[in-house]
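Down below is the structure, laid out as structure tokens.
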Amino acid sequence: MTRLVVVSAGLSDPSSTRLLADRLSEATVRALGTPVDLEVVELRPLAHAIADHLLSGFPPEPLADAITAVERADAVIAVTPVFTASYSGLFKSFLDVLPQGALAGTPVLVAATAGTARHSLVIEHALRPVFAYLRAVVVPTGVFAASEDFAHPALAERVERAAGELAALLGAGTRDGVRRPADAPRSFDEQVAEPTPFEELLKRASAAD
Amino acid sequence: MSSMQIGVFSVGDVTADPTTGRTPSEHERVKAQVAIAQKAEDIGLDVFATGEHHNPPFISSNPTATMAYIGAKTERIVLSTATTLITTTDPVLIAEDYAKIQHLLDGRVDLMMGRGNTGPVYPWFGKDIRQGINLAIENYALLRRLWSEDVVDWEGRFRTPLQGYTSTPRPLDGVAPFVWHGSIRSPEIAEQAAFYGDGFFHNHIFWPASHTQQMVNFYRQRFEHYGHGAADQAIVGLGGQFFMRERSQDAVREFRPYFDHAPVYGGGPSLEDFSRQTPLTVGSPQQVLERTLSFREYVGDYQRQLFLIDHAGLPLKTVLEQLDLLGEILPAMRAGFEEGRPAHVPDAPTHAARVAAAGGAHDSTVHAVDGVTGQLAEADERASA
């Protein structure tokens, strides 16, 4: 079962960000044609928990679950509204509290919504660099939707294309078996489940750079 | 000696009292740590541990000077650290300094290794924070050799090589100070503690119980894996944090401004949320007693419980009152920790017990070799006698 996690940073309810996220996830499920375990992480109800995590250093329960979902995802669809010429602060704060390596090797579809088409390059100048830093595999097509795009058939075409790319990237299998880079930092749970023997840690400690 | 050691650990922060706006001077704070340690001994606690920091607003640089001074003014309490920076401190100096106070305090000393989380401290001491784990592992491997071998030849990655080096004084009675390793979130450090059969201390106070449980259980399993005993015989220490008054509502009312403005979590979760998510207990002595005794439910029977009580701008007078209240519940706390504790769970490590386990004390003095004859000076004397 493919674990698909949708992260939506829209602030209103209903939000056009969530609307776009739903269209992307539906299209991805269709394109995959296999059973999908779909989980939507709405950031708005987690906003206080995210701020608490930034200040206290640990995630309150519902946020811990959301982080685990992202860590274990085979693929992620990340959608943010554009605020002040970039992704929203809440969206970035969520990325900031993800453990190191959480998205390494994970296929990600990035999308954004805005009030005006003038922000359309936000995908390229803001979202792609941050996911490149997180070592995610971002699909070639990013989906940007200004308010007016919701009345245009071209949006549907773009959604289908991006979803198709994500499905194709996932086609070979799941992240754990196939795409995870060998040197990606191991999560806390992975380290505890399969510890690095101390002799190896000792050898590594004194190994030359 | 009791099977369970109970004590306090102090970070040594200079923080304004949010209720009065008054900030203590460094001098007041340095002396306050001494007063707190003396009071800890007076009420019957077993351990006082000081932190180590190299930046404002902390007064906790040079922990061994603090320990030696407190040691001279006390008789019984064990002096320890929480933590000694194994990453940025030269392990050769750690070997010398802690062996020295071991002699001065007749063995009333142990220490806890930590990596330190203040970014700039690493470059200030010529180190790279990204090598934190590697520094902790290599430096400690050297430290152990300096204590266990009289003459050390050594070459590593982070420090200049040693040829024919003898760390002096040698450990008291030939037994090095007991070492705890502290880590909140790094399995590598729990692995290190387990590998050597050393103690593992979880700070506990900033994280949910489930997380502490996961780290401690991991350490226990690896302790068994490396053949030091059963998992429940591993040596575990925990942090804890409380504020108490006879009536719980008074405790909450008095502590809230300190919590809300605390440098570590101020502006974050509410006091109520944080109390639920972490071991922080603000309430009556009975509530503190019950909460503390419940820690065993998720980490098993353990050996050392340290409480953080002097931080966030709490005035010395209040801290001393907290110790009086702790003193009142201390007998019940000790009895509670004894209840149901299996006989095969080891007692908290002490110098005396470790010396006995090593087959008794032996003088480990290394005598200088005569540069001309290549013989020990006293051998020469014997020969000429």
Side-chain angles (χ1 to χ4, degrees), chain A residues 43 45-69 71-72 89-90 93-94 96-102 104 133-135 183-209, chain B residues 87 117 128 130-142 154-159 184-196 203 205-219 221-222 225-226 262-270 273-274 276-278 280:
Chain A
L43 297 187
L46 298 176
H48 281 276
I50 291 169
D52 282 351
H53 188 175
L54 288 170
L55 295 173
S56 71
F58 68 87
E61 207 116 277
L63 176 59
D65 294 343
I67 290 171
T68 305
E71 279 186 296
R72 293 185 182 160
L90 180 60
S93 293
F94 180 67
D96 289 348
V97 299
L98 291 177
Q100 213 194 344
Y133 174 80
L134 296 168
R135 301 176 66 186
D183 67 335
R186 299 200 305 150
S187 73
F188 178 83
D189 288 340
E190 286 166 341
Q191 289 187 67
V192 166
E194 206 180 303
T196 308
F198 189 75
E199 290 85 347
E200 174 60 28
L201 292 175
L202 198 56
K203 212 182 302 163
R204 237 185 253 172
S206 301
D209 292 303
Chain B
T87 47
N117 61 359
D128 177 352
R130 291 167 301 180
Q131 297 296 338
I133 294 276
N134 290 334
L135 283 161
I137 289 173
E138 183 182 284
N139 284 351
Y140 182 63
L142 171 57
W154 180 86
E155 189 169 352
R157 177 182 179 188
F158 296 112
R159 177 191 201 289
I184 296 177
R185 188 95 182 129
S186 302
E188 297 94 330
I189 298 302
E191 175 80 9
Q192 181 187 32
F195 176 80
Y196 292 114
N203 160 294
I205 61 182
F206 299 128
W207 283 76
S210 59
H211 180 77
T212 303
Q213 178 180 30
Q214 206 177 9
M215 279 293 277
V216 171
N217 282 349
F218 175 70
Y219 159 69
Q221 282 158 23
R222 300 303 286 170
H225 169 85
Y226 285 113
V264 248
Y265 33 63
S270 67
D273 281 348
F274 201 76
R276 199 166 44 244
Q277 292 160 352
T278 76
L280 171 65

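So you know, we letter chains A, B, ... as the sequences are listed, proteins then strands, and number each from 1.
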What do you reckon, is CD of A/Gln100 surrounded by more than 12 foreign heavy atoms closer than 6.0 Å?
no
Would the number of heavy atoms belonging to other residues, nucleotides or ligands and lying under 6.0 Å from NE2 of A/His48 be above 12?
no
[X], part contacting chain A, at a heavy-atom distance under 4.5 Å:
X	value
B/Tyr140	neither
B/Arg222	side chain
B/His211	side chain
B/Ser210	neither

For the [atom1] atom of [X] and the [atom2] atom of [Y], what is their distance to the nearest 0.5 Å?
X	Y	atom1	atom2	value
B/Glu138	A/Leu202	CD	CG	8.5 Å
B/Arg185	A/Phe58	CZ	CZ	12.0 Å
B/Gln192	A/Leu201	CD	CG	8.5 Å

Under a 4.5 Å cutoff for heavy-atom pairs, which residue among B/Phe195, B/Tyr265, B/Phe206, B/Tyr196 has the most contacts with chain A?
B/Phe195
Which one wins on heavy-atom pair count under 4.5 Å against chain A: B/Ile133, B/Asn139, B/Ile137, B/Asp273?
B/Ile137
Largest heavy-atom contact set with chain B, pairs under 4.5 Å, which of A/Glu61, A/Glu199, A/His53
A/Glu199
Quick check: closest heavy atoms across A/Leu55 and B/Gly267, and the distance to 0.1 Å?
CD1-O, 3.1 Å
Considering only heavy atoms, which portion of A/Ser206 lies under 4.5 Å from any heavy atom of chain B: side chain, backbone, both, or neither?
both
Taking C-beta and beyond as the side chain, do B/Gln277 and A/Asp52 meet within less than 4.5 Å on heavy atoms?
no
Taking the side chain as everything from C-beta on, heavy atoms only, tell me whether A/Pro197 gets closer than 4.5 Å to B/Tyr226.
yes
Within the side chain of B/Glu191, is there an N or O that forms a donor-acceptor pair under 3.5 Å with the backbone of A/Phe198?
yes
Do any N or O atoms from the side chain of B/Arg157 and from the backbone of A/Ala205 form a donor-acceptor pair under 3.5 angstrom?
yes
Consider side-chain contact (heavy atoms from CB on, under 4.5 Å). Of A/Glu190, A/Gln191, A/Arg186, which one does B/Pro187 pass it with?
A/Gln191
